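Treat the numbers as computed from the prediction; the structure is a model and nothing was measured.
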Amino acid sequence: MKRCEYSALCSYIALFSCLGITLSWGWVTFTDVTEEAGIRFVHTNGSTGEHLFPETIGSGCAFVDYDQDGWIDIYFVNAGDFQKDGAPNVLYRNNGDGTFTDVTEAAGVGDTGFGAGVTVGDYNGDGWEDLYICNYRTNILYRNNGDGTFTDVTEAAGVREPRWSVSSACFDADNDGDLDLYVVNYVAYVRERDRCSRYGLSSYCAPETFDPEMDALYRNNGDGTFTDISETAGITLAGRGLAIVAGDYDNDGNTDVFVANDISPDFLYHNLGDGTFEEIGLIVGIALSGDATMGNGMGIDLADFDNDGWLDLVVTNFQDQVNTLYHNDQDGFFTDVSFVSGTGLPSLSLLAWGCGFIDVDNDGWRDLFIANGHVHDNIEQYNDVGKYAQPKLLYRNEGEGIFSDMSAESGDTLQIPQVSRGAAFGDYDNDGDIDILVNNLDTPATLLRNEGGNDNGWIRVAVQPPALSVGARVWVETPDGLRQMDAIHSGGSYASHHDTRLLFGVGEANVVRVWVKWKDGVESNMVETPTRQTLTFRHPRF
């Protein structure tokens, strides 16, 4: 199993990465299979040539097994013309043979709002995962009826949210056993202010042209309705939010909230365990980068990249701003390790959005994928470095906190420039490695199939029921002593949702030990099992 065992070797790897030199011991490639999979989705942003600010942010996507057949399906959020008619969102059912079928109309989920984000969660505890769509001004909650159809229950549930929402997350904020809803809102858009130029050229305005909006926390009342408890819960700051991830960073059993803000300090709302939160981003070291730079936070993810049992953080940012990698120091604080890890320098010329810590080669160490694309369609007319369409980044985790840029080694597909936004991660073909779905601005989407990741061993873990799985932690241990922990958390990337089945790479191991701890403290028995299969753990109450 690949690891960086010695500090001197780790230092050399980091140096080579900064110099653009890649060390490779065999690697995976990604293949664009969008067309052969039958995916015809094309995002539209309603561009008019007037350079209106809402056209820039794009939309997310989701991997979700809405019909519970064991094959993850795909949901795309669309935008359209925010001043007139929106373009419909699209749901594709996974046929189980590498292809998908558009079932949007039959399922009743083709919302035509000016869409940005999607999250998934079983809000009513009936065992079927529901969809929440973030839009400009009017959000949508679709209840999964369990028969392949959905019902719009937004008004009845009380989660319409009239502000411009971009991302959201479902998690149990108050430890009462059901899923609450945090909605990230962006700016108070004013059309009359939206007229900007750069170097004599018409241009999209900067986000600070518009006032930041407040986020919203909705408490699940347990009867199919929600109550906005933002103020009483301590969610009281405005911050031009774009992305969210919810997870227990301090291992105290309570779910905390990280929000990536656009030209505002990033938030960490620490869950106090009594239904209230305290914003401590600046105190713990994640509000700004290590050099005190305030970034244009676009994407976010939370995972244990160094296998020490504590969740680390990444925030993606604008061109000329580093994508910030924060190490969890296990004492309540984070350290910016962007440059020492080797991830910083390659990101400076790119404008980053969707991201994820994913083990693409199944060696037991989570790699890092980032989707890129500029906001200014005429950037190349006045900037020598910036490109509108940009390649993707894929870093290989070498162990010991060191990453190497493997983007150019991962197949030609990742090098094709696109104006990407949301990205979702999951094993759509159930072959034992992580695939990638990308929603690109005003162009066709991309489904990237992982080729070679399953040469190493793996174990997939599903935790049931869906309403209690969010916040559960899963441990996998190999005979050589490598222990991995992952948490089923909501949010992450940009405006997107990932497969909630957890896939662990285990290298050459043929047998592993697996156990689960649910958020309410209930623990499963440890199971010793052969690899290359799916294990399902069900809460003892069900």
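Between G125 and A467 the shortest heavy-atom distance is CA-CB, 4.1 Å. Between P466 and G127, the shortest heavy-atom contact is CG-O, 3.7 Å. For the residue pair G492 and H498, the shortest heavy atom distance occurs at C-NE2, 3.9 Å. L325 and S341 make their closest contact through CD2-OG, 3.4 Å (heavy atoms, listed as atom of the first residue, atom of the second, distance). Across every non-hydrogen atom of C355 and I300, the tightest pair is SG-N, 3.4 Å. Heavy atoms only, all atoms of each residue included: D73 and D67 are closest at OD2-OD1, 3.1 Å.
I459 pairs in a side-chain contact (heavy atoms from CB on, under 4.5 Å) with only one of the listed residues (T529, T478, V511), which is T529.
Salt bridge annotation for R460-D427: present, with a cationic side-chain nitrogen under 4.0 angstrom from a carboxylate oxygen. With respect to the salt-bridge test (charged N to carboxylate O, under 4.0 angstrom), the residues R541 and D520 qualify. Electrostatic pairing of R143 and D126 does not count as a salt bridge here, judged by no charged N lying under 4.0 Å from a carboxylate O.
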Please evaluate residues F305 and V314 with respect to the criterion side chain to side chain contact (heavy atoms under 4.5 Å, CB included), reporting the C-alpha separation (whole Å), side-chain torsions for both, the decisive distance (0.1 Å), and the verdict. CA-CA 10 Å; F305 74 75; V314 65; over 6 Å; no
Evaluate the side-chain hydrogen bond (donor to acceptor under 3.5 Å, both in side chains) criterion for residues N362 and D455: first the C-alpha distance (whole Å), next the side-chain angles of each, then the deciding distance (0.1 Å), finally the verdict. CA-CA 8 Å; N362 283 354; D455 289 348; over 6 Å; no
Between D336 and S289, is the side-chain hydrogen bond (donor to acceptor under 3.5 Å, both in side chains) condition met? List the steps. CA-CA 7 Å; D336 181 347; S289 64; 4.7 Å; no
Does the pair F537 and V527 meet the rule for a side chain to side chain contact (heavy atoms under 4.5 Å, CB included), with working shown? CA-CA 10 Å; F537 288 84; V527 175; 3.9 Å; yes
Given side chain to side chain contact (heavy atoms under 4.5 Å, CB included), test D301 with L313 step by step and report yes or no. CA-CA 6 Å; D301 199 26; L313 181 73; over 6 Å; no
Run the numbers on T29 and S410 for side chain to side chain contact (heavy atoms under 4.5 Å, CB included), then give the verdict. CA-CA 4 Å; T29 60; S410 304; 5.7 Å; no
Verify side-chain hydrogen bond (donor to acceptor under 3.5 Å, both in side chains) between N94 and Y428, making sure each step is shown before the conclusion. CA-CA 8 Å; N94 191 328; Y428 84 90; over 6 Å; no
Would you please test R93 and D69 for salt bridge (Lys or Arg N to Asp or Glu O under 4.0 Å) and show each step? CA-CA 10 Å; R93 186 188 68 230; D69 64 353; 6.0 Å; no
Please walk me through it: do T343 and N323 pass side-chain hydrogen bond (donor to acceptor under 3.5 Å, both in side chains)? CA-CA 8 Å; T343 63; N323 292 332; over 6 Å; no
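Note on ring orientation: taking the six-membered ring where Trp is involved, the planes of F403 and Y395 are perpendicular (angle over 60°, cut-offs 30° and 60°). In this pair, F171 and F277 present their aromatic rings perpendicular. The plane angle is above 60°, beyond the 30 to 60° band. Note on ring orientation: taking the six-membered ring where Trp is involved, the planes of F76 and Y92 are perpendicular (angle over 60°, cut-offs 30° and 60°). Taking the six-membered ring where the residue is Trp, Y66 and F150 present tilted rings, their angle falling between 30° and 60°.
With no hydrogens or angles considered, no side-chain donor-acceptor pair links D32 and T413 at under 3.5 Å. The closest side-chain donor-acceptor pair between S59 and N439, if any, does not fall under 3.5 angstrom. No donor-acceptor contact under 3.5 angstrom links the side chains of N456 and D361, judged on distance only. Looking only at atom types and distance, the side chain of Y182 has a donor-acceptor partner in the side chain of D215 under 3.5 Å away. For the residue pair S420 and N440, a side-chain donor N or O sits within less than 3.5 Å of a side-chain acceptor on the partner. No hydrogens or angles considered: a donor-acceptor pair under 3.5 Å links the side chains of Q418 and T446.
Scored by the side chain to side chain contact (heavy atoms under 4.5 Å, CB included) test, Q390 finds L350, L351, N372, H374, K387 as partners (sequence neighbours excluded). For T531, the side chain to side chain contact (heavy atoms under 4.5 Å, CB included) partners are V506, V512, not counting sequence neighbours. Qualifying salt bridge (charged side-chain N to carboxylate O under 4.0 Å, His left out) partners for D499, counting only residues two or more places apart in sequence or in other chains: R501.
Within a 6.0 Å radius of CG in D412, other residues, nucleotides and ligands contribute 12 heavy atoms or fewer. More than 12 non-hydrogen atoms from other residues, nucleotides or ligands lie less than 6.0 angstrom from CG of D147. In this structure, E35 places its CD atom where only 12 or fewer heavy-atom neighbours from other residues, nucleotides or ligands lie under 6.0 Å away.
With E279 contributing its side chain and L268 its backbone, the two residues share a donor-acceptor pair below 3.5 Å. Judged purely by atom type and a 3.5 angstrom limit, W458 has no side-chain atom pairing as donor or acceptor with the backbone of L503. In this structure a side-chain-to-backbone donor-acceptor pair under 3.5 Å is present from D367 to V360. Using modelled atom types, one side-chain atom of N450 and one backbone atom of I434 make a donor-acceptor pair closer than 3.5 Å. Within the 3.5 Å criterion, the main-chain N or O of C61 finds a donor-acceptor partner in the side chain of S496. In this structure a side-chain-to-backbone donor-acceptor pair under 3.5 Å is missing from T255 to A173. With hydrogens and angles ignored, the 3.5 Å screen pairs a side-chain donor or acceptor of D248 with a backbone N or O of G253. Using modelled atom types, no side-chain atom of S524 and backbone atom of W515 make a donor-acceptor pair closer than 3.5 Å. Looking at N454, its side chain does come within 3.5 Å of a backbone N or O of D431 through a donor-acceptor pair. Without hydrogens or angle criteria, D359 side chain to G364 main chain gives a donor-acceptor distance under 3.5 Å.
Rounding to the nearest 0.5 Å gives a distance of 10.0 Å between OH of Y269 and CD1 of I244. Once rounded to the nearest 0.5 Å, the distance linking CD1 of I488 with CZ of R473 reads 11.5 Å. Separation of atoms CD (Q330) and CG (N251) is listed at 8.5 Å; rounding is to 0.5 Å. Put simply, CG on D304 and CG on D312 are 5.5 Å apart, with the number rounded to the nearest 0.5 Å. With values rounded to the nearest 0.5 angstrom, L393 atom CG is found 10.5 Å from T316 atom OG1. Taken from CG in L179 to OG1 in T119, the straight-line distance is 9.5 Å, to the nearest 0.5 Å.
Using a 4.5 Å cut-off on side-chain heavy atoms (C-beta onward), Y142 and Y75 make contact. K392 has its side chain out of reach of I436: every pair of non-hydrogen atoms, C-beta onward, lies at least 4.5 Å apart.
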